[in-house]
> 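Pasting in a structure now, in C-alpha cells, and then I'll have a few things to ask.
These numbers come from the heavy atoms of this one structure, side chains and all, not from hydrogens, waters or symmetry mates.
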Amino acid sequence: MALYVEGLSKGVANGGMAQFQEMMRQQLESSMHAELEKLLDTSTGAEREIQPYDKIAARGLPDNVADSLNKLVVVKLNGGLGTSMGCKGPKSLISVRNENTFLDLTVQQIEHLNKTYNTDVPLVLMNSFNTDEDTKKILQKYTHHRVKIHTFNQSRYPRINKESLLPVSTNLSMTGQNSEGWYPPGHGDIYASFHNSGLLDQLIAQGKEYIFVSNIDNLGATVDLHILHHLVSQPNGKRCEFVMEVTDKTRADVKGGTLIQYEGKLRLLEIAQVPKAHVDEFKSVSKFKIFNTNNLWISLAAIKRLQEQKAIDMEIIVNPKTLDGGQNVVQLETAVGAAIKSFDNALGINVPRSRFLPVKTTSDLLLVMSNLYSLDAGSLTMSPKREFPTTPHVKLGSSFTKVQEYLTRFESIPDMLELDHLTVSGDVTFGKNVSLKGTVIIIANHGDRIDIPAGSMLENKIVSGNLRILDH
C-alpha cells in the first residue's frame, strides 16, 4: 500500500493520472515477469498432484451410492447471456438438442439420479442480474420434477472508465445511461455470494458436504459417481477440499487455464495473467499438457470456514472492454478455480475429454445436435458407431453465427459420424439427409450461394463458389 500511496502522490503532483498509470503498469509488469519465470520453472511439479481418472475409477463404487449422493449439491454457473450466439436472454435457455435447453438437460440429469438412487440432490443456479428474472420465470415449469431448485445472485460491480479510473455509473440505478455501467464480476464471486445468500448455511444444515460446480453450457459436466466417492471416502483429517477436473490439452485449447505447483500449493494460471512475451510458452502443448475444464468439486464446510476467515485468495483479472458508445472501460474479475490454493489437500483429476463438451458457438451446437451424440436422461454420450473417440473440428463462417440463421441453413443436421474436419464459409445451405465424411471444405465466394443438395454424400471434398466438387 505504501508503494501505491507514494506513486499516487508523485503521479498527481506531476499533474498526470496517465503518468501514474504508466508507472504502476511498469512496476506490475516487472513483478509479473519475475513471478512468471518462477512459475515456468515450477510448472512440472503440478503433475504429482494430478491423478489420472482411471486410478480414481478403479476403486469401484460402494453399495451405498445413495449415501454419497445425499451429501452432494449440483451448482451451475448461470450468469451468462446468449448474445454471442445471437440470442436474447440467458444462454441456459437456448435449445440445444430435441428442443431441450441447457437447463432442461441439467434438470433431467439430476432428476434421473434422484429417481435411480432414491436421493435428494438439489440444483443450485448462480444467476447474475442479467439472467435472474428470466430464469426464475422459467423455473416454474420444473415444479413437478424430482429436483429441488435454488437460486442466488452473484454480485453487481461498477465498470471503471479506463481513462479517469472512476465508475461509469453516476448512481446505483441500472436504467438509462447507467444500464451499461454494471457487470457480474466473473464466477470467482461464487464464494462470497453463495455465503452471503444464506443458502450455504442452509445446505450444510441439511447434511450436504460438497458442491459440484460447472458451467451450464458444458454438456459433459455430469455428476461423476467415482469422483464423488473418492471425496466422501477420505479419512476426516485428509479430506480433499477442492478437486479440479483437468483434461489433456489439444491445439484447440491453448488458451485454457492450467494447473501449476507454486510455493507448495496447486494454482490456476490463466492466459490473462501471462505477459505477452510468455504467451507462446503458456500455449505450448508440451510444456503445459493439461487445462482446467471448470468442473470443480468443493467442500461446503471449507467454503464457510474460508469465507468467515476472509481467507479466499484469488488473482484479479483485468478485463478491458469497449462499450457500445465507444467508451473504454475496465472490469475487474475473478475465476472460481483460482481459489484452489486456499483449500487444503487440493487435487487435480485428469478426466476423459468427454467431460468437457462446451457449447460456445454454433459450430459446437452443430456437433451436439448431430448423430455423433446420443441423448439419454439429459446426458450426451458419443455414439458407439463413431470409430474415433475425438470430435471433428467444425468451423462455421459468419453466416452461421446467430442460432436462428444457423437453423435456417440446415433442412436437417448432416450425418457426421465419419467426419474429421468441416469448414463452411459464405452463403451455404444444406438439404435433408446430407452426409459428410473425412475433410469437407465448402466456400461460397461473396455474392455466390451454394446449396448442398438433399441426399448428397461429401467425402474429402472441397466445394467452391461455382459449385464444382473437387477431390481433396
Side-chain angles (χ1 to χ4, degrees), residues 68-82 85 87 89-117 119-128 130-154 184 187 190 193-194 197 199 203 208 210-225 227-228 245 293-298 336 351 354-360 364-365 367-369 373-382 403:
S68 303
L69 279 169
N70 279 326
K71 295 173 181 172
L72 182 69
V73 177
V74 174
V75 179
K76 293 289 182 181
L77 304 171
N78 186 46
L81 293 168
M85 293 170 76
C87 296
K91 185 174 182 183
S92 57
L93 306 186
I94 295 174
S95 289
V96 284
R97 179 83 185 217
N98 303 356
E99 303 301 311
N100 289 299
T101 65
F102 290 106
L103 189 53
D104 290 335
L105 295 176
T106 300
V107 170
Q108 287 168 28
Q109 287 165 21
I110 302 172
E111 183 177 44
H112 177 67
L113 275 178
N114 285 337
K115 284 179 172 175
T116 304
Y117 296 100
T119 51
D120 180 21
V121 178
L123 169 63
V124 173
L125 300 172
M126 181 169 86
N127 299 337
S128 68
N130 288 321
T131 63
D132 189 53
E133 196 178 326
D134 289 337
T135 301
K136 280 181 173 164
K137 279 181 197 163
I138 217 82
L139 289 182
Q140 294 165 12
K141 78 187 243 193
Y142 306 115
T143 310
H144 300 295
H145 288 253
R146 192 170 163 178
V147 185
K148 286 182 187 147
I149 304 178
H150 308 273
T151 66
F152 69 95
N153 262 9
Q154 66 185 114
H187 40 57
I190 186 172
S193 294
F194 194 22
S197 71
L199 195 51
L203 292 166
K208 305 300 181 189
Y210 282 94
I211 52 172
F212 171 49
V213 184
S214 62
N215 298 350
I216 201 156
D217 64 7
N218 178 6
L219 295 176
T222 56
V223 171
D224 186 279
L225 297 175
I227 296 176
L228 176 61
E245 293 185 36
T293 63
N294 220 37
N295 300 348
L296 309 168
W297 304 73
I298 313 171
V336 57
V351 297
S354 56
R355 292 193 56 74
F356 184 69
L357 186 59
V359 180
K360 303 289 183 192
D364 300 329
L365 193 56
L367 288 171
V368 299
M369 290 178 87
Y373 292 94
S374 55
L375 179 65
D376 180 33
S379 297
L380 288 179
T381 47
M382 179 76 77
V403 173

> Looking at side-chain heavy atoms only, is the closest gap between Thr151 and Leu139 below 4.5 Å?
yes
> Do the side chain of Thr293 and the main chain of Glu245 share a donor and acceptor less than 3.5 angstrom apart?
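Yes: the side chain of Thr293 pairs with the backbone of Glu245.
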> Would you please say whether a donor-acceptor pair under 3.5 Å links the side chains of Asn294 and Asn218?
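There is no such pair (donor and acceptor under 3.5 Å, judged by atom type) between the side chains of Asn294 and Asn218.
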> Start with the C-alpha gap between Leu228 and Phe212, add the side-chain angles, then the distance that decides, and say whether side chain to side chain contact (heavy atoms under 4.5 Å, CB included) holds.
CA-CA 9 Å; Leu228 176 61; Phe212 171 49; over 6 Å; no
> Can you check side chain to side chain contact (heavy atoms under 4.5 Å, CB included) on Ile149 and Val107, steps first, answer last?
CA-CA 9 Å; Ile149 304 178; Val107 170; 4.1 Å; yes
> Ignoring hydrogens and angles, tell me if any N or O in the side chain of Asn114 forms a donor-acceptor pair with the backbone of Glu111 under 3.5 Å.
no
> Quick one: pull up CG in Leu125 and OG in Ser92 and give me the separation to the nearest 0.5 Å.
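Leu125 atom CG to Ser92 atom OG measures 7.0 Å (nearest 0.5 Å).
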> Within the 4.5 Å heavy-atom criterion, are Tyr142 and Val147 side-chain neighbours or not?
no
> Is there a side-chain contact between Lys91 and Lys360, using heavy atoms and a 4.5 Å cut-off?
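Sidechains of Lys360 and Lys91: in contact.
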> What do the steps show when you test Asn70 against Tyr117 for side chain to side chain contact (heavy atoms under 4.5 Å, CB included), and what is the final call?
CA-CA 10 Å; Asn70 279 326; Tyr117 296 100; over 6 Å; no
> Within the structure provided, determine whether Val223 and Gln109 are in side-chain contact (heavy-atom separation under 4.5 Å).
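Answer no - side chains too far apart.
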> Could you grab the distance from atom CD1 of Ile216 to atom CG of Leu93, nearest 0.5 Å is fine?
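Separation between the atoms: 8.0 Å.
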> Has the side chain of Arg97 got a donor or acceptor atom that lies under 3.5 Å from a matching backbone atom of Tyr373?
yes
> Could you pull out all residues at least two apart from Ser197 that satisfy side-chain contact (heavy atoms from CB on, under 4.5 Å)?
Phe152, Phe194, Leu199
> Give me the atom names and distance for the closest heavy-atom approach of Lys76 to Ala221.
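Looks like NZ-O, 3.1 Å.
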> Any side-chain heavy-atom pair from Ile211 and Leu296 closer than 4.5 angstrom?
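No, their side chains stay 4.5 Å or more apart.
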> Does Gly80 offer a backbone N or O that forms a donor-acceptor pair with the side chain of Asn130 under 3.5 Å?
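Between the backbone of Gly80 and the side chain of Asn130 there is no qualifying donor-acceptor contact (under 3.5 Å).
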> Can you tell me how far the CG atom of Leu357 sits from the CG atom of Asp217, to the nearest 0.5 Å?
10.0 Å
> Give a yes-or-no answer on whether the side chains of Asp376 and Ser379 include a donor-acceptor pair shorter than 3.5 Å.
no
> Does Leu225 form a side chain to side chain contact (heavy atoms under 4.5 Å, CB included) with Leu69? I'd like the steps, not just the answer.
CA-CA 8 Å; Leu225 297 175; Leu69 279 169; 3.8 Å; yes
> Taking NZ in Lys71 as the centre, count heavy atoms belonging to other residues, nucleotides or ligands within less than 6.0 Å. Is the count above 12?
yes
> Specify the closest pair of heavy atoms between Asn153 and Ser128, including all atoms of both residues, with the distance to one decimal.
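Closest approach of Asn153 to Ser128, heavy atoms only: OD1-O, 4.1 Å.
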> Can you tell if the side chain of Leu375 reaches within under 4.5 Å of the side chain of Leu105, non-hydrogen atoms only?
yes
> Side-chain contact, heavy-atom cut-off 4.5 Å: Ile298 with Val75?
no
> How many angstroms lie between CD1 in Ile227 and CG in Asn295, if you round to the nearest 0.5 Å?
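CG of Asn295 is found 8.0 Å from CD1 of Ile227.
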> How far apart are the closest heavy atoms of His187 and Val336, and which atoms are they?
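That closest heavy-atom pairing would be ND1-N, 3.0 Å.
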> Which atoms form the tightest heavy-atom contact between Gly89 and Asp134, and what is the distance?
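Scanning both residues completely, I find the closest heavy atoms to be CA-OD2, 3.9 Å.
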> Identify the heavy atoms of Val96 and Leu219 that sit nearest to each other, and give their distance.
CG2-CD1, 4.4 Å
> Hey, could you give me the NZ/CG distance between Lys137 and Asp132, rounded to the nearest 0.5 Å?
11.0 Å
> Could you tell me whether the side chain of Thr143 and the main chain of Gln140 form a donor-acceptor pair under 3.5 Å?
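Side chain of Thr143 to backbone of Gln140: a pair is present.
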> Using a 3.5 Å distance criterion without hydrogens, assess whether the side chain of Thr131 forms a donor-acceptor pair with backbone atoms of Asn78.
yes
> Any side-chain heavy-atom pair from Arg146 and Ile110 closer than 4.5 angstrom?
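Not in contact.
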> Heavy atoms only: give me the nearest Gly79-Gln154 pair and the separation to one decimal.
CA-OE1, 3.9 Å
> Could you give the distance from CG (Leu103) to OG (Ser95), rounded to the nearest 0.5 Å?
11.5 Å
